Asker: 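Encoded as structure tokens, here's the structure I'll be asking about.
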Amino acid sequence: MSWPASSDLLAPLAPWFDSVRRDLPWRAGDLDVPHPDPYAVLVSELMLQQTQVATVIPYFTRWMERFPSPETLVEADEDSVHKAWEGLGYYRRARFLKAAAGRIAAEGWPSDLEGLADLPGLGPYTAAAVGSIAFQWPAPALDGNAFRVLARLLVIEGDPKVQAANLRTWLAPALEILGPARMTQALMELGATTCSPTPDCGACPLADRCLACLSNRTAEIPPVAKRAKPKVSSLWLVAMEAEGHVLLHAPAAKGLLAGLWRWPALSADPIPAQPVAPNAQSLTAWPGWTQVYTHRREVVSPLHLRLEARFEAAVGLHWVPWTELPALPLGRRDQRLRDLLAVPGQTPIEAPDPTALIRVCAVPLA
Ligand code: SF4
């Protein structure tokens with residue numbers, strides 16, 4: 001590797017960032033000293049994993065009002081933590097944040113990068129981001145945006161992540177000389193706003209030294225990874241209501257949906273009808289949608305089934321008072337059905353037999 005000194009190559013980035021940086025609620029005014037509130041940096045970095053800045057801003061603001069310190073977060077119950085995260089997705093991050101806050105409240109902030117990386121949910125990238133932005137440690141934080149910028153700047157062939165260790169070593173002096181908090185955020189900002197997948201090289205402070213730009217190779221560097229085709233499934237999502245209650249799955253303790261209440265969902269494949277207590281009053285539907293996840297898609301058909309009386313719910317399902325529904329944390333898909341309940345539905349043209357819906361949610365009749 002014969003890359004020019006990072007502090008020379010990246011020097012124009014520092015004044016550029018000072019002139020264009022966005023005023024984000026977690027950003028410190030003075031980038032030359034440690035951040036006055038490392039917890040705010042930790043919250044923002046966990047929220048920004050997998051989520052756009054514009055989406056994060058209102059969540060961050062509400063979160064900091066509700067849980068302004070690690071100590072307040074530790075005292076909060078799981079439902080209110082998940083509720084505050086509702087809509088951001090990847091709910092594991094909320095639980096990691098609470099667990100990390102517990103460690104910080106009990107032991108204080110770690111004194112080095114290793115200690116930060118050992119906090120729940122951080123990993124090398126987030127630890128370096130928090131270390132450099134909150135504590136001014138010269139720890140290079142390489143996310144997808146930073147890899148893209150550096151791959152183009154240095155014309156790294158193939159997947160730049162293969163060069164992660166070399167890039168960190170190369171980048172550290174630039175952080176030391178030009179300022180860790182400033183340079184970490186400058187690289188993030190350049191990748192997010194200018195050196196995007198389709199770069200705006202005319203607006204870039206590094207255009208006069210960027211090898212990909214100078215050799216007209218920005219479209220091919222870095223190579224775009226091929227994604228596997230997402231799997232598609234279809235389901236009925238059912239809000240069952242009886243005697244002022246709704247039927248919900250209680251949150252799982254582990255897994256992707258841990259901490260979240262869920263509506264019963266049934267495969268949209270035909271369900272064989274079997275006799276159950278026939279107490280359905282009405283069945284209504286709304287137009288469906290496709291729920292997009294990282295590796296799969298769900299074609300969701302929402303239904304509202306009103307019953308005369310509650311039945312004995314199967315294991316894991318609970319009849320919850322309707323009045324408590326707004327306070328429960330739900331995932332994005334399930335929030336959408338909750339919101340639809342305020343909108344008039346229509347008689348479904350096609351829907352499963354209500355008794356079949358009840359059957360899979362009830363303790364079988366003797
Ligand atoms: S010149 Fe273009 S390709 Fe190079 S770093 Fe700037 S925006 Fe990215």
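The shown structure was predicted, so the numbers you read here are calculated from the model rather than taken from an experiment. Whatever order the structure lists them in is the order used to number ligands and atoms, beginning at 1.
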Asker: Ring centres under 6.0 Å, that's the criterion: do Y39 and W26 meet it?
Answerer: no
Asker: Using a distance threshold of 2.8 Å, state whether an N, O or S atom of C204 lies below it from atom 2 (Fe) of ligand 1.
Answerer: no
Asker: Give a yes/no verdict on whether any heavy atom in A207 is under 4.0 Å from an atom of ligand 1.
Answerer: yes
Asker: Between Q136 and V33, is there a donor-acceptor pair closer than 3.5 Å when you use the side chain of the first and the backbone of the second?
Answerer: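 Such a contact is found between Q136 side chain and V33 backbone.
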Asker: Quick one: do E189 and R22 make a salt bridge, cutoff under 4.0 Å?
Answerer: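 Salt bridge present between E189 and R22.
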Asker: Would you mind checking which non-hydrogen protein atom is closest to atom 4 (Fe) of ligand 1, with the distance to 0.1 Å?
Answerer: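 Residue, atom and distance for the closest contact: C210 SG, 2.4 Å.
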Asker: Please could you name the atoms of ligand 1 that T218 approaches to less than 4.0 Å, counting only its heavy atoms?
Answerer: 3 (S)
Asker: Can a donor-acceptor pair be found, under 3.5 Å and without considering hydrogens, that links the side chain of R93 to the backbone of L88?
Answerer: yes
Asker: Which is closest to atom 8 (Fe) of ligand 1 by heavy-atom distance: S196, C201, C195, P205?
Answerer: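 Looking at heavy atoms only, C195 sits closest to atom 8 (Fe) of ligand 1.
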Asker: Has R62 got its NZ or CZ under 6.0 Å from the middle of the six-membered ring of Y59, at an angle within 45 degrees of the ring axis?
Answerer: yes
